[in-house]
Amino acid sequence: MNAKLPSRLVAYARVSSADQNPQLQLDALAKAGAARKLTFTDKVTGARTVRPGLDACLRALQPGDTLLVWRLDRLGRSLRHLIDLVADLRERGVAFRSLCDGVIDTTSASGELIFHVFVALAQFERRLIQERTRAGLEVARARGRNGGRPPLPVDHPTVIAAKKMHADRTMPVRDICRTLRISRPTLYRYLARSSSRDPVTE
């Protein structure tokens, strides 16, 4: 039987630009007990999806560890992203603490309760957005407009490229979609459209 791995504090810090200094966060994380070799950093905006430091941090986490951050907005790009991250950590057996948001500590019963409140709020927000979207579409339809982006004209370069690539018969549909960054239904909508200048070749 494998011996249980000792619990560790694994820390993550982020600053939103190369001009900012993460030292304030690093000092606070070190004071809380995080070792420098287990502290990961990024210098990117919160909206950026590519964060090599966070990716390395998540890979380093083991069951029984605790992920430590200075503040909640240093970890998640949004409330939904933050909740998804923490929920994933829980499934992996990893706890989560935020130093400046003391109530967010999944190692304690009260912190766990607060996290569940956050989850409920995020679900509530998502339902509100869905309801508003549906209401907006219904209003648009009542006024004779359909939701979504307007269709591309038949002589648009993307439509023409899709037709030519499909007519060539040398590239699978999935590769055409990947190359043009469109979905399979969108590709078939393009193929169904025709003009005298650019006929569809089937």
Side-chain angles (χ1 to χ4, degrees), residues 7-137 147-149 177-178 181-183 186:
S7 60
R8 306 174 302 168
L9 277 179
V10 179
Y12 174 72
R14 177 183 63 81
V15 289
S16 56
S17 74
D19 297 331
Q20 291 183 325
N21 191 331
Q23 198 58 50
L24 172 65
Q25 296 178 51
L26 296 177
D27 289 345
L29 294 169
K31 186 176 180 180
R36 186 67 188 92
K37 65 179 181 180
L38 289 176
T39 300
F40 302 83
T41 61
D42 276 316
K43 291 188 176 183
V44 294
T45 61
R48 287 279 300 275
T49 57
V50 178
R51 288 197 262 175
L54 178 58
D55 292 341
C57 176
L58 295 176
R59 285 195 301 269
L61 287 164
Q62 302 170 353
D65 288 348
T66 296
L67 174 59
L68 185 68
V69 297
W70 181 59
R71 207 170 60 194
L72 289 176
D73 62 356
R74 301 299 87 191
L75 179 64
R77 300 190 305 270
S78 63
L79 177 59
R80 182 72 257 164
H81 180 237
L82 175 66
I83 288 173
D84 288 345
L85 277 176
V86 177
D88 181 65
L89 293 175
R90 291 178 64 201
E91 290 183 2
R92 295 171 54 189
V94 175
F96 173 70
R97 284 176 53 202
S98 171
L99 294 179
C100 294
D101 308 280
V103 292
I104 308 299
D105 180 355
T106 62
T107 63
S108 69
S110 59
E112 186 80 357
L113 174 62
I114 294 296
F115 176 71
H116 285 301
V117 172
F118 270 56
V119 172
L121 288 174
Q123 292 172 341
F124 174 71
E125 180 188 37
R126 186 167 64 252
R127 285 195 296 268
L128 282 181
I129 292 172
Q130 292 171 344
E131 289 175 2
R132 289 168 183 164
T133 301
R134 284 195 297 267
L137 290 173
R149 296 180 180 178
C177 295
R178 187 180 298 115
R181 296 184 179 180
I182 59 176
S183 66
T186 298

Next item on the list: Show the numbers, then the answer: is there a side chain to side chain contact (heavy atoms under 4.5 Å, CB included) between L82 and L72?
Entry: CA-CA 8 Å; L82 175 66; L72 289 176; 3.9 Å; yes
Note to self: Evaluate C100 against W70 for side chain to side chain contact (heavy atoms under 4.5 Å, CB included), listing each step before the verdict.
What the structure shows: CA-CA 6 Å; C100 294; W70 181 59; 3.4 Å; yes
Next item on the list: Test K43 against R14 for side chain to side chain contact (heavy atoms under 4.5 Å, CB included), laying out the working first.
Entry: CA-CA 6 Å; K43 291 188 176 183; R14 177 183 63 81; over 6 Å; no
Next item on the list: Determine, step by step, whether T41 and Y12 satisfy the side chain to side chain contact (heavy atoms under 4.5 Å, CB included) criterion, reporting the C-alpha distance in whole Å, the side-chain angles of both residues, the deciding distance to 0.1 Å, and the verdict.
Entry: CA-CA 6 Å; T41 61; Y12 174 72; over 6 Å; no
For residues 28-38, which side-chain N or O atoms pair as donor and acceptor with protein atoms under 3.5 Å away, sequence neighbours left out?
unit_1, atom_1, unit_2, atom_2, d
R36, NH1, T39, O, 3.2

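Here the straight-line distance linking atom CG of L54 with atom CZ of R59 works out to 9.5 Å at 0.5 Å rounding.
Here the side chain of D65 pairs a donor or acceptor atom with the backbone of R8 at under 3.5 angstrom. With D42 contributing its side chain and G53 its backbone, the two residues share a donor-acceptor pair below 3.5 Å.
For R92, the side-chain contact (heavy atoms from CB on, under 4.5 Å) partners are L58, L61, D88, L89, V94, not counting sequence neighbours. Looking at residues two or more places apart in sequence or on another chain, you find a side chain to side chain donor-acceptor pair (under 3.5 Å) between Q23 and D27. Partners of T186 according to the side chain to side chain donor-acceptor pair (under 3.5 Å) rule, which considers only residues two or more places apart in sequence or in another chain, are S183, R189. For A60, the side-chain contact (heavy atoms from CB on, under 4.5 Å) partners at least two apart in sequence or on another chain are F40.
Residues V69 and F96 form a side-chain contact, since some pair of their non-hydrogen atoms from C-beta on lies under 4.5 Å apart. Taking 4.5 Å as the limit, every side-chain heavy atom of T66 sits out of range of all side-chain heavy atoms of S7.
Of all non-hydrogen atoms in Q25 and V15, the two that sit nearest each other are NE2-CG1, 3.7 Å.
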